Amino acid sequence: MTRDEIASLLSSVLAELKLQPDISFRIDIPPRKELGDYASNIGILAGRALKTNPIKVAEQIAAKAAEIDSGRNFAKVEFAKPGFVNFFLKPEYLQKNLLSIEKQDHDYGKSGVSNEKVLIEFVSANPTGPLHVGHGRWAVVGDIIARLLKATGNKVETEFYVNNVGAQVEKFEASVLARRQDEQPPEGGYGGSYVSSVKGNTRAEMLACMLEEQRQTLHQAGVDFNNWYEESSLHEKDKLRWAVEKLHDLRVTFEEEGAIWFKSEALGDDKNRVLMRADGRPTYFTADIAYHLDKFERGFDRLINIWGTDHHGYVSRLKAALKVLDLPVENFEIIIGQLVTLYRGDQPIRMSKRTGEMITFKEVIEEIGTDATRFFFAATDVNSHLDFDLELAKKKSNDNPVYYVQYAHARICSILKKTSGEASSTKVDLSTLMHPAERDLMFKLLTWPELVAEAARLRHPHRVTEYGRELATVFHKFYEQCRVLGDPARLKLVNASRITLRNVLELLGINAPEAM
RNA sequence: GCGCCCAUAGCUCAGCUGGAUAGAGCAACAGAUUUCUAAUCUGUGGGUCGCAGGUUCGAGUCCUGCUGGGCGCGCCA
């Protein structure tokens, strides 16, 4: 009985007992083992809805659930204090799941809970300098969210938007040329040391050079985009003018001081915004409207953007524009990624693209490795600011959480190498798997698919790293207490653990080494 | 000044649409290896969940105010 199956069981219990059928009860893993494998607050909520004693209702529900199940999946179903219903799975159920894990192999954890065509856009750094650590964080998070959404049944494309038009790229070109003449960059230009290594004679060549470096860095981080969407292609297709005309037709534009404005203030923004400058050139905002119109035109059901916190002020104006254009804004999510402050010991390192004083994403990868970089950046909620001490990450590299998880996988492979394929035998009596450590491990394995679904739904990669640590812990404890070699049932359990652990690392884009 | 985000153990962070006795890793201390990898495990200490109110059977979680920090508030991108 997975969480979903318990949910539908409880729904039919409510129906049979003729209780309030539409309460949104929760099913959780309770804080202590004595309270079962799963627990629901259903009695509390039903009691409240019916204005009766919640404990009595819980008692009734527990009895009915046990009756319907009639000992197939649950050893017992109990009710408890404020109105909880607690479910205790039979060991046979957990044991049976091991066979299912082996059978599903790489697919264990995947599901079809969602079926949308999703475009996720992230990083989208200006092609005027190397990627900084914040980009790196958003790259890792975006990449893993894409993997999560694929794993739960969606068709997903990843996209990097290239801002290769406008004042910034003009200043970039001027800065490169100035550096070659040993001159100062223009006002607001780029002064980092990387400027001298930019190759190319034309602006396009210079941008291509910078872009290629970004692409390589991302590849090194295990992040490979499906699409690189160049802003210039929007201009070539005259999409900006087309977008402005659409807004004009909707009567949400006006002219003032020679510029064309969008009446965004009336649509939830702080103020009105310029679409076309007095000199006739469009703003970045106009390009962004055209770009997102184009995204929806390409037939995606859902758009997800990861934007740096420095762009959060653009959320309301872009949503206002898309809404007035009658696009489904409810299917347009913007995840705001907070910054990373790098430290060397107590010393914070400022991230500024315009000064030479920055540590790039590439340097971080090279210093602490791809696996550790991905794990650390995935391991915290992207909505929270992250303080990241390079010295600490490097110094402690031997008991980094990522190595802890990888080590569990390597240990398993080492055991399995010592066997002659007994783990793959189909006729094994699993009923001997009764030890508490075995049970804990089996239960942890059982919850992997629902964890993936939950992490995908919340767009929370850090749930996956968390699970990886927990699974490794449960495995290591099992390993300490239970000798595996010579026990066919335990070999089965270990093999299922190997598959699950590998799938966790696969989802995170981290290597699953067979030896360490 | 206005807007968004954050504040949980010495440090870095989890805590799911409000649920049962607030967790993990690191750091500190004490132990475990003739046995499948000790990159492991066991145990100990460590908390007014920034502060003050409110909502209710129940608040780290929701609301209001305050304090402290990050980021925005361009006819830059």
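Letters go in sequence order (proteins before strands), and every chain restarts at 1. Owing to the predicted nature of the structure, the values given are computational and were not obtained by experimental measurement.
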A.B. asks: Would you list the protein and nucleotides 56-58 of chain B atom pairs, both N or O, that sit under 3.5 Å from each other?
C.D. replies:
unit_1: C57(B); atom_1: N4; unit_2: Arg48(A); atom_2: NH2; d: 2.3
unit_1: G58(B); atom_1: O6; unit_2: Arg48(A); atom_2: NH2; d: 3.3

A.B. asks: What string of B, S and - do you get for nucleotides 21-31 of chain B 5' to 3' if you count protein non-hydrogen atoms under 4.0 Å?
C.D. replies: B----S-----
A.B. asks: I want to check one thing: is the phosphate of C73(B), taken as OP1 and OP2, less than 4.0 Å away from some side-chain N or O of Lys271(A)?
C.D. replies: no
A.B. asks: For Asp381(A), report the nucleic acid contact type (base, sugar-phosphate, nothing); a contact means any heavy atom under 4.0 Å.
C.D. replies: sugar-phosphate
A.B. asks: For the side chain of Gln168(A) and the base of C76(B), is some donor closer than 3.5 Å to an acceptor across the two?
C.D. replies: yes
A.B. asks: Counting any heavy atom closer than 4.0 Å, what does Asn86(A) reach on the DNA or RNA strands: base, sugar-phosphate only, or nothing?
C.D. replies: base
A.B. asks: What's Tyr479(A) touching, base or sugar-phosphate or nothing? Going by heavy atoms closer than 4.0 Å.
C.D. replies: base
A.B. asks: So Asp440(A) and Lys33(A), salt bridge (charged side-chain N to carboxylate O under 4.0 Å, His left out) or not? Walk me through it.
C.D. replies: CA-CA 10 Å; Asp440(A) 288 348; Lys33(A) 279 179 200 164; 2.9 Å; yes
A.B. asks: Would you say His312(A) places a side-chain N or O within less than 4.0 Å of OP1 or OP2 belonging to C73(B)?
C.D. replies: no
A.B. asks: For a ring-ring contact (aromatic ring centres under 6.0 Å, His included) with Tyr38(A), tell me which candidate from Phe443(A), Phe88(A), Phe87(A) qualifies.
C.D. replies: Phe443(A)
A.B. asks: Any side-chain N or O of Asn383(A) under 4.0 Å from OP1/OP2 of C6(B)?
C.D. replies: yes
A.B. asks: Would Phe376(A) and Phe388(A) count as a close aromatic pair, with their ring centres under 6.0 Å?
C.D. replies: yes
A.B. asks: Sticking with atom C1', work out how far C11(B) lies from G47(B), rounded to a whole angstrom.
C.D. replies: 15 Å
A.B. asks: Can you say whether the rings of Phe262(A) and Phe285(A) are parallel (under 30°), tilted (30 to 60°) or perpendicular (over 60°)?
C.D. replies: tilted
A.B. asks: Reckon Arg490(A) has a side-chain N or O less than 4.0 Å from the OP1 or OP2 of C36(B)?
C.D. replies: no
A.B. asks: Would the base of C16(B) count as contacting Arg463(A) through its side chain, where contact means a donor and an acceptor less than 3.5 Å apart?
C.D. replies: yes
A.B. asks: Whenever both distances are under 3.5 Å in a Watson-Crick or G-U wobble pair, mark it; put RNA chain B into dot-bracket that way, with [ ] for crossing pairs and | when the partner is on another strand.
C.D. replies: (((((((..((((.....[...)))).(((((.......))))).....(((((..]....))))))))))))....
A.B. asks: Any base atoms under 4.0 Å from Ala39(A), or only sugar-phosphate, or nothing? Heavy atoms, all strands.
C.D. replies: base
